[in-house]
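What follows is a set of notes on a single structure, which appears directly below.
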Amino acid sequence: MSTIAAETVLEVRHWTERLFSFTATRDPSFRFRSGQFTMIGLQVGEKPLLRAYSMACAPHEDQLEFFSIKVPDGPLTSRLQALKPGDPILVGRRPTGTLLLDNLIPGRHLYMLATGTGLAPFVSLIKDPETYERFEAVVLVHGCRTVAELAYGEAVVAAVRGHDVLGEMCAGKLLHYPTVTREPFRNQGRVSDLLASGTIAADLGLPALNKETDRAMLCGSAQMIADLGVILEARGFVEGAGARPATYVVEKAFAER
Ligand code: FAD
């Protein structure tokens with residue numbers, strides 16, 4: 001079997017000039033775990049042009065979903081943003097990644113800390129019933145520059161809350177904390193500053209960050225991950241990975257070139 005499947009784009013939604021999401025058909029044999037990423041892309045001439053993308057959908061869903069940046073002159077996204085329903089899309093069959101529930105030791109509160117398209121793996125996790133079975137509170141923090149950039153996250157959270165089965169499971173547990181850095185909004189500031197100052201926990205009525213009860217997953221720029229890593233480790237959190245579950249895990253939302 002080829003390591004890359006040819007799927008078909010079903011629906012495309014543009015959220016801002018920089019962000020869009022799309023759904024695609026899913027080969028039933030393609031299995032992944034919530035929070036993982038795979039290589040996706042387009043056939044360009046003779047060669048596939050592939051980039052890492054987190055699945056913004058749950059393992060139980062029939063369709064695939066992705067949440068994407070539009071990088072001006074980006075080799076893949078300058079083409080990907082023109083996708084239309086019916087277009088072909090390549091999807092790698094080898095998902096991987098560290099943002100897995102199994103990579104965290106048990107705790108009470110799960111903090112999912114995202115900036116920009118770093119939201120994508122957490123879309124998968126907030127659609128997974130297991131997340132609510134393992135944690136009493138599931139805190140989705142999404143930092144963007146502008147209010148418009150929060151729209152996809154707002155729509156996904158509303159859909160989860162309104163879902164027949166998930167709605168009941170996440171009731172009172174799924175706490176959404178969107179924040180922006182460049183405009184007035186009810187929550188303002190960088191995710192790292194808001195976590196360090198205790199603002200997020202206080203605003204949500206949760207106890208102060210504590211390594212005994214809290215677990216964290218991070219997905220954003222290298223700088224965001226470095227800043228949050230310092231804050232968490234100063235409080236005694238330890239980074240986990242596949243063979244070594246611990247109190248927090250990280251994934252870069254993109255590689256800087
Ligand atoms: P590239 O040549 O790949 O990137 C050019 C430059 O654009 C980069 O150097 C970087 O500075 C900037 N950039 C790239 N991606 C982003 C981004 N997402 N946000 C902000 N700046 C960026 N991208 C997504 O849009 N959605 C995802 O779910 C996603 N998941 C990823 C998971 C992993 C583990 C990694 C490593 C990357 C992921 N990316 C994701 C980034 C993605 O792989 C590509 O970089 C992106 O699609 C741009 O591709 P490109 O060929 O147009 O430009």
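Along the sequence shown, the residues carry numbers beginning at 1. Whatever order the structure lists them in is the order used to number ligands and atoms, beginning at 1.
- For atom 18 (N) of ligand 1, the closest heavy atom belonging to the protein is T117 OG1, 2.8 Å.
- Distance from atom 39 (N) of ligand 1 to its nearest protein heavy atom, with residue and atom name: A253 O, 3.0 Å.
- With distances taken over non-hydrogen atoms, the option nearest atom 44 (C) of ligand 1 out of R51, E251, M55 is R51.
- Ranking the protein heavy atoms by distance from atom 9 (O) of ligand 1 puts R257 N, 3.1 Å first.
- Under the ring-ring contact (aromatic ring centres under 6.0 Å, His included) criterion, H163 pairs with no residue at all, not counting sequence neighbours.
- Atom CD of E17 has 12 or fewer heavy atoms from other residues, nucleotides or ligands within 6.0 Å.
- By the criterion of a heavy-atom distance under 4.0 Å, the backbone of F67, and not its side chain, is placed next to ligand 1.
- At the top of the distance list for atom 47 (O) of ligand 1, counting protein heavy atoms only, stands Y53 OH, 2.7 Å.
- Close contacts between ligand 1 and S68 involve ligand atoms 25 (O) [criterion: under 4.0 Å to a heavy atom].
- Here the heavy atom of the protein found nearest to atom 8 (C) of ligand 1 is A255 O, 3.6 Å.
- Here the options are R244, R215, R33, the test is salt bridge (Lys or Arg N to Asp or Glu O under 4.0 Å), and the partner is D102; only R33 passes.
- Using a 4.5 Å cut-off on side-chain heavy atoms (C-beta onward), P75 and L49 make contact.
- In summary, the aromatic rings of Y53 and F37 are positioned with their centroids too far apart to meet the 6.0 Å limit.
- A distance of 9.5 Å separates CG in L90 from CG in L76, rounded to the nearest 0.5 Å.
- Minimum interatomic distance between P184 and V147 (heavy atoms only, all atoms of both residues): O-CG2, 3.9 Å.
- The shortest contact between atom 6 (C) of ligand 1 and any protein heavy atom is with V71 CG1, 4.2 Å.
- Under a 4.0 angstrom heavy-atom cut-off, G116 registers as lying outside contact with ligand 1.
- Below 30°, between 30° and 60°, or above 60°: for Y248 and F237 the angle between ring planes is above 60°, a perpendicular geometry.
- With sequence neighbours excluded, the residues that form a salt bridge (Lys or Arg N to Asp or Glu O under 4.0 Å) with R108 are E136.
- In this structure, atom 35 (C) of ligand 1 lies nearest to the protein heavy atom A52 CB, 3.6 Å.
- Proximity of A56 to ligand 1, defined as any heavy-atom pair under 4.0 Å, is not found for any part of the residue.
- On a distance-only criterion, S78 and ligand 1 share no N/O pair closer than 3.5 Å.
- Summary of contacts: the protein heavy atom closest to atom 15 (N) of ligand 1 is F254 CB, 3.3 Å.
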